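Remarks on the structure that follows.
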Amino acid sequence: MMIDIKFLRENPDAVRASQKGRGENVDLVDQIIAIDEIKRAAIAEFEALRQEQNTLSKSVGAAKGDEKTALLANAKELADKVKAADSKRAEVEEQTKQLVLQLSNLLDTEAPIGGEEDFVTIEHIGTPRDFAKDGFEPKDHVELGKLLGAIDTERGAKVAGSRSYYLTGAGAMLEFALVNYAIQSALKNGFTPVIPPVLVNPSAMEGTGFLGQAAENVYRIERDDVYLVGTSEVPLAAMHMDEILPADKLPMRYAGYSSCFRREAGTYGKDTRGIIRVHQFDKVEMFSFCKPEDAKEEHKRLLQWEKDFLNAMEIPYRVIDVASGDLGSSATRKFDIEAWIPTQGAYREVTSTSNCTEFQARRLNIRYKDADGTKAIATLNGTLVAIPRMIVAILENHQNADGTVNVPAALQPFLGKAKLELV
RNA sequence: GGAGGAUUCGCAUAGCGGCCGAGUGCGCACGCUUGGAAAGCGUGUAUAGGGAAACCUAUCGAGGGUUCAAAUCCCUCAUCCUCCGCCA
């Protein structure tokens, strides 16, 4: 399930409003309410018959002789009825489940309503550099990557097709430095570092909500019925699938480092140059399990840690509150951080944090337990660093007239140098 | 890829057609006992669904089958362990 069916039964208007805000199917709500009633009737009927059968079966065991023969005849007839009622119940339950799975998460009432363009800018941090004042035209990351021997997109395309690349020399070292710095900050903030599987089974994919509208962007290995994850959010969320977590351990925070795979279907014209949009990249992802009542606070914390990272990289950026139509089915609210990319004269998404409330947890059957019993848990995720886009931002923002690039102070200990030199 | 074994309530196990939602030990919680603690004693200790409630229903890796009745019998699948092969 995703939305709590009891909640839906009692607050159908709230669910309708949410679906409408996302630009998704509103009628679904009424279809579900209708079939839910049929389902409950079917359950009641099955259970009544089953109860009768259980009682009768017990008396068969105790009876002897003629009495037993007579009871057996009755019991046989009843068994058929039970079987019929049971398959009816199973059928209706499955139909209900399929419909409920189509519902997206309930929108946060504070999330802006609208499409991709209707985001609200929350703040700007830092000032885009004035290259005119510095007296040179900025080079883009592709050119810088070549001069530094850091990025090789031509050979990437030769070997693996479009949207593929090699990180070499300083580029590869930059990745290691970024990952090490990210993991070190995550450790400070109470995260457990994780290297998760990137090849997962359908239930993990389904549970995290990536087989809905997002399915087009997922690589599937048909022969073995497994998927390549587009983010370590998937294995991190599914890690506790079918588990009950102890309340006193919450929040549980994981920092996953993994490769991410995206088909990028339907983006043919977009970002064809460089490594802004690629089929494979590495990323450090924050993931948190917490009590639903703490989720909003946790979301703010994730956002703050993302900001801390950008600040440490000394890159100007803005924070946006993503609008309802552009949220993804799991998220109730999403904040993106967009870094300033000088050669594009634009802010481009580098990290993103979503509050999924109980949506994923309900589908993955993850709960927590305290003194009062077991309850729904909330999940949240946020990018600490997505390597290629961060490399783009660093190269372009910190370049010098000769093509060398200054290394942000925070990265210098990890990279062992203050400047990337030409090769 | 081939052969065998396993999968039961947090953990370890018992159960091999009805008296089993399930016994025992450990663990855990509460209480008694104690100057305090340990030991001892007692009680409790899954999850989900339906119902206003009493209560009922489901779940012994998953799914199907046999049967009036399945943890127990049969089939399929998954995972783990051991051995063989292959690869590193």
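Below, chain A is the first sequence line, B the second, and so on; all start at residue 1. Keep in mind that the numbers below use all heavy atoms, side chains included, and drop hydrogens, waters and symmetry copies. All figures in this text were calculated on a predicted structure; none of them were measured in a lab.
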What is the distance from [atom1] of [X] to [atom2] of [N], rounded to the nearest Å?
X         : N       : atom1 : atom2 : result
Asp225(A) : rC77(B) : CG    : C1'   : 13 Å
Ile5(A)   : rA48(B) : CD1   : C1'   : 15 Å
Ile244(A) : rC11(B) : CD1   : P     : 12 Å
Tyr368(A) : rU47(B) : OH    : C1'   : 17 Å

Work out how far the [atom1] atom of [N] is from that of [M], and round it to whole angstrom.
N       : M       : atom1 : value
rA70(B) : rA62(B) : P     : 15 Å
rC11(B) : rG27(B) : P     : 16 Å
rC86(B) : rA12(B) : C1'   : 37 Å
rC55(B) : rA6(B)  : P     : 40 Å
rU8(B)  : rC60(B) : C1'   : 4 Å
rA29(B) : rA52(B) : P     : 37 Å
rC9(B)  : rC26(B) : C1'   : 14 Å
rC83(B) : rC28(B) : C1'   : 40 Å

Under the rule for side-chain hydrogen bond (donor to acceptor under 3.5 Å, both in side chains), what residues qualify as partners of [X], not counting sequence neighbours?
X         : value
Gln19(A)  : none
Glu37(A)  : none
Asp248(A) : none
Lys375(A) : Asp370(A)

- Task: Examine rG49(B): is either OP1 or OP2 under 4.0 Å from a nitrogen or oxygen in the side chain of Arg89(A)? Give yes or no.
- Result: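 Checking rG49(B) against Arg89(A), no side-chain N or O comes under 4.0 Å of OP1 or OP2.
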
For residues 308-315 of chain A, which side-chain N or O atoms pair as donor and acceptor with protein atoms under 3.5 Å away, sequence neighbours left out?
| unit_1 | atom_1 | unit_2 | atom_2 | d |
| --- | --- | --- | --- | --- |
| Asp308(A) | OD1 | Gln304(A) | NE2 | 2.9 |
| Asn311(A) | OD1 | Tyr317(A) | OH | 2.9 |
| Asn311(A) | ND2 | Lys307(A) | O | 3.3 |
| Glu314(A) | OE2 | Ala409(A) | N | 3.3 |

Can you pull the side-chain hydrogen bond (donor to acceptor under 3.5 Å, both in side chains) pairs that have at least one residue in [range], sequence neighbours excluded?
range                       : answer
residues 190-211 of chain A : Asn201(A)-Ser203(A)
residues 278-291 of chain A : Tyr219(A)-His279(A), Thr231(A)-Lys283(A), Ser259(A)-Asp282(A), Lys283(A)-Glu285(A), Ser288(A)-Glu298(A)
residues 110-120 of chain A : Glu110(A)-Lys296(A)

Pairwise N/O distances under 3.5 Å, protein to nucleotides 53-56 of chain B:
| unit_1 | atom_1 | unit_2 | atom_2 | d |
| --- | --- | --- | --- | --- |
| rC56(B) | O2' | Gln51(A) | OE1 | 3.3 |

- Considering only NZ, NE, NH1 and NH2 on the basic side and carboxylate oxygens on the acidic side, decide whether Glu45(A) and Lys88(A) come within less than 4.0 Å.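 Looking at Lys88(A) together with Glu45(A), the answer is no, because their closest N to O distance does not fall below 4.0 Å.
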
- Begin with the C-alpha distance, continue with both residues' side-chain angles, and end with the deciding distance and a verdict on ring-ring contact (aromatic ring centres under 6.0 Å, His included) for His240(A) and Tyr368(A). CA-CA 11 Å; His240(A) 290 298; Tyr368(A) 79 97; over 10 Å; no

- Message: Return whichever of Phe46(A) or Thr374(A) has its heavy-atom-nearest nucleotide of RNA chain B closer to the 5' end.
- Response: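 That would be Thr374(A).
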
- Item | 5'-most by nearest nucleotide on RNA chain B - Lys39(A) or Thr55(A) |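 Upstream on the strand: Lys39(A).
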
- Task: Apply salt bridge (charged side-chain N to carboxylate O under 4.0 Å, His left out) to Arg277(A) and list each qualifying residue two or more places apart in sequence or on a separate chain.
- Result: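 So Arg277(A) forms a salt bridge (charged side-chain N to carboxylate O under 4.0 Å, His left out) with Glu264(A), Asp271(A).
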
- Watson-Crick or G-U stems involving RNA chain B, each at least 3 pairs long, distances under 3.5 Å, ordered by first number: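 Stems found: B:1-7 with B:78-84, B:10-13 with B:23-26, B:27-32 with B:40-45, B:46-50 with B:55-59, B:61-65 with B:73-77.
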
- Contact string for nucleotides 62-75 of chain B, one letter per nucleotide 5' to 3', B = base within protein heavy-atom range under 4.0 Å, S = sugar-phosphate only, - = neither, reads ----S-BS------

